[in-house]
Undergrad: 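Sharing a structure, written as structure tokens. Questions coming.
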Amino acid sequence: MERKEAGNEEILEDAISDGENEITVEDSSFMQSEPVQDGTGPPKLDSPVETLHEKVKKQIIKQGHGEIPSKLSTCFLHYRAWVESTSHKIEDTWQEQHPIELILGKEKKEMSGLGIGVASMKTGERALLHVGWELGFGKEGNFSFPNVPPMADLVYEAELVGFDELKEGKARADMTVEERIEAADRRKQQGNSYFTQDKLSEAMQQYEMGIAYMGDDFMFQLFGKYRDMALAVKNPCHLNMAQCLIKLERYDEAIAQCTIVLSEDENNTKALFRRGKARAALGQTDSARADLQKALKLVPGDKAIIRELKLISQQEKEVYQKQRELYKGLFARKDEERGGKGERKNFVMVFALWVVGLFRWVFKGGKNE
């Protein structure tokens with residue numbers, strides 16, 4: 001493992017790192033973190049209700065950190081929305097895996113209630129927002145997507161991923177290519193800084209915001225050097241997200257992040273290494289070995305990859321040994337059961353012959369006397 005300086009931050013890298021864009025800490029301790037849960041309706045909370053507006057009330061699910069965004073800040077958030085009277089879910093941005101963008105003070109009319117709620121939240125905060133129909137889809141409702149009945153009060157489960165304090169309230173769509181790449185790179189660097197402090201949740205929020213600047217609609221329009229510039233920021237954000245998720249033991253999500261990178265660069269050694277590591281942790285040894293062996297062909301002799309391959313072989317040997325002992329125990333018990341039955345049968349036969357012999361001796365002896 002080696003240390004490199006990147007601006008004002010220090011990045012820890014493993015043997016297959018390709019520069020200051022990416023982070024890795026080997027043999028780090030693991031911590032548990034539950035991903036966002038999806039139920040059939042809004043979560044039931046006992047937390048205090050805070051009135052933000054006559055038509056907007058808030059209950060905190062998870063505390064955030066830092067300051068709250070100011071007016072015209074560009075906020076990135078995830079949310080689920082339900083019709084309060086029926087608990088019918090109408091939207092879920094978590095399923096789309098990309099946070100939405102909301103500029104406070106410039107939000108659409110139907111999102112004005114949500115905007116009031118978000119303006120009171122800190123980065124990383126998750127809250128339940130109760131919004132009256134007047135600050136939602138109004139008296140008429142909405143008959144396209146999302147389908148909302150007339151005069152429907154709404155419930156949002158919202159999480160503020162982060163925000164940019166841009167006084168002019170400049171949306172991503174209004175930024176130049178260079179501005180969006182620069183904004184994404186700032187988030188990546190901030191995420192790296194949080195990672196080195198072991199603040200994994202905060203780091204992931206920054207990486208997710210960086211990825212949000214590099215959305216599919218934006219990437220689709222890029223070619224040549226601009227696409228290369230964007231990928232040089234976007235891919236490390238995915239890979240660093242994967243590293244955080246591995247440390248949090250959220251292996252399926254880590255695999256998904258690596259697969260996104262491999263869809264753009266099938267020979268990305270970090271993506272192959274981390275996906276292989278995550279698959280091995282899930283017991284998917286065949287696919288894990290395939291990823292790691294491919295990575296080893298690209299960087300022959302890499303110690304980190306060789307170590308992971310050895311761990312897989314050791315894991316398989318241990319599983320085989322346990323299975324062997326299990327089956328051996330089962331067969332031994334069967335043999336013992338068979339042996340017990342044979343002994344019982346032999347005892348009965350010997351006893352029967354002894355009884356017959358006794359009778360013969362008695363009768364025979366009686367006659368001789």
Side-chain angles (χ1 to χ4, degrees), residues 33-45 47 56-62 64 69 74-104 107-133 135-138 141-163 171-172 201 204-205 207-218 237-238 241 245 248 250-257 259-260:
S33 176
E34 287 297 322
V36 180
Q37 300 298 315
D38 184 12
T40 56
K44 305 297 181 184
L45 303 178
S47 56
V56 182
K57 294 179 172 60
K58 170 185 166 184
Q59 290 177 279
I60 294 177
I61 300 173
K62 183 186 73 173
T74 301
C75 299
F76 297 93
L77 63 144
H78 278 299
Y79 68 82
R80 297 189 183 98
W82 295 266
V83 174
E84 188 167 43
S85 60
T86 62
S87 293
H88 172 67
K89 186 162 68 174
I90 56 173
E91 281 190 277
D92 188 345
T93 67
W94 272 292
Q95 291 183 346
E96 298 169 10
Q97 298 183 346
H98 292 294
I100 69 155
E101 179 185 78
L102 184 72
I103 299 177
L104 296 181
E107 62 271 355
K108 296 177 182 177
K109 184 179 178 182
E110 63 268 20
M111 300 185 79
S112 55
L114 177 62
I116 291 171
V118 171
S120 73
M121 297 171 67
K122 298 177 180 179
T123 297
E125 181 178 328
R126 195 187 314 161
L128 206 63
L129 303 172
H130 301 263
V131 177
W133 61 267
L135 297 180
F137 287 85
N142 190 52
F143 294 97
S144 59
F145 179 82
N147 186 271
V148 182
M151 300 177 68
D153 295 335
L154 302 175
V155 179
Y156 290 93
E157 180 187 0
E159 180 170 343
L160 180 60
V161 176
F163 60 90
R172 285 176 294 178
S201 295
M204 288 172 63
Q205 287 159 2
Y207 297 139
E208 192 169 9
M209 286 184 64
I211 291 167
Y213 280 107
M214 306 282 106
D216 294 338
D217 55 340
F218 174 70
C237 284
H238 285 296
M241 278 277 285
L245 290 163
L248 294 169
R250 290 160 57 177
Y251 301 116
D252 284 321
E253 295 171 77
I255 290 168
Q257 293 292 328
T259 301
I260 291 171

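Note that the coordinates shown come from a computational prediction; the quantities given were computed from them, not determined experimentally. Start at 1 with the first residue, then count along the sequence.
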Undergrad: Would you compute the distance between atom CD of Glu91 and atom CD1 of Ile100 and round it to the nearest 0.5 angstrom?
TA: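 Output value for this atom pair is 7.5 Å.
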Undergrad: Please report the closest heavy-atom contact between Pro43 and Leu128, naming both atoms and the distance.
TA: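 That would be O-CD2, 3.5 Å.
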Undergrad: Please check this pair: side chain of Thr93 against backbone of Tyr79, looking for a donor-acceptor N/O pair closer than 3.5 Å.
TA: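 Flag set: sc Thr93 to bb Tyr79 pair under 3.5 Å.
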Undergrad: Testing the basics here: between Ser120 and Glu125, what is the closest heavy-atom pair and its distance to 0.1 Å?
TA: O-OE1, 4.2 Å
Undergrad: Please name all residues satisfying side-chain hydrogen bond (donor to acceptor under 3.5 Å, both in side chains) with Glu107, sequence neighbours left out, ordered by chain then number.
TA: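 Glu107 satisfies side-chain hydrogen bond (donor to acceptor under 3.5 Å, both in side chains) with no other residue.
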Undergrad: Who passes side-chain hydrogen bond (donor to acceptor under 3.5 Å, both in side chains) against Tyr156, sequence neighbours left out?
TA: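 With neighbours one apart ignored, the set is empty.
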Undergrad: Would you give the length of the straight line joining atom CD of Glu84 to atom CG of Leu154, rounded to the nearest 0.5 angstrom?
TA: 8.5 Å
Undergrad: Taking atom CE of Met209 and atom CG of Leu77, what is their separation to the nearest 0.5 Å?
TA: 10.5 Å
Undergrad: Of all the heavy-atom pairs spanning Glu159 and Met121, show the shortest one and how long it is.
TA: CA-CE, 4.2 Å
Undergrad: Find out whether Leu114 and Val131 are in side-chain contact, i.e. whether some heavy atom of one side chain is under 4.5 Å from a heavy atom of the other.
TA: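 No. Closest side-chain heavy atoms not under 4.5 Å.
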Undergrad: If you look at every heavy atom in Phe163 and Leu160, which pair is closest and at what distance?
TA: CD2-CD2, 4.0 Å
Undergrad: Could you tell me which non-hydrogen atom of Gly132 sits nearest to which non-hydrogen atom of Asp153, and how far apart they are?
TA: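 Smallest interatomic distance, heavy atoms only, reads CA-OD1, 3.4 Å.
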Undergrad: Can you tell me how far CH2 of Trp82 sits from CD of Glu157, rounded to the nearest 0.5 angstrom?
TA: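 Answer rounded to 0.5 Å: 4.5 Å.
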Undergrad: List the residues meeting side-chain hydrogen bond (donor to acceptor under 3.5 Å, both in side chains) with Ser87, not counting sequence neighbours, and say none if there are none.
TA: none
Undergrad: First locate atom CD1 of Ile211, then atom NE2 of His238, and finally report the distance between them rounded to the nearest 0.5 Å.
TA: 4.0 Å
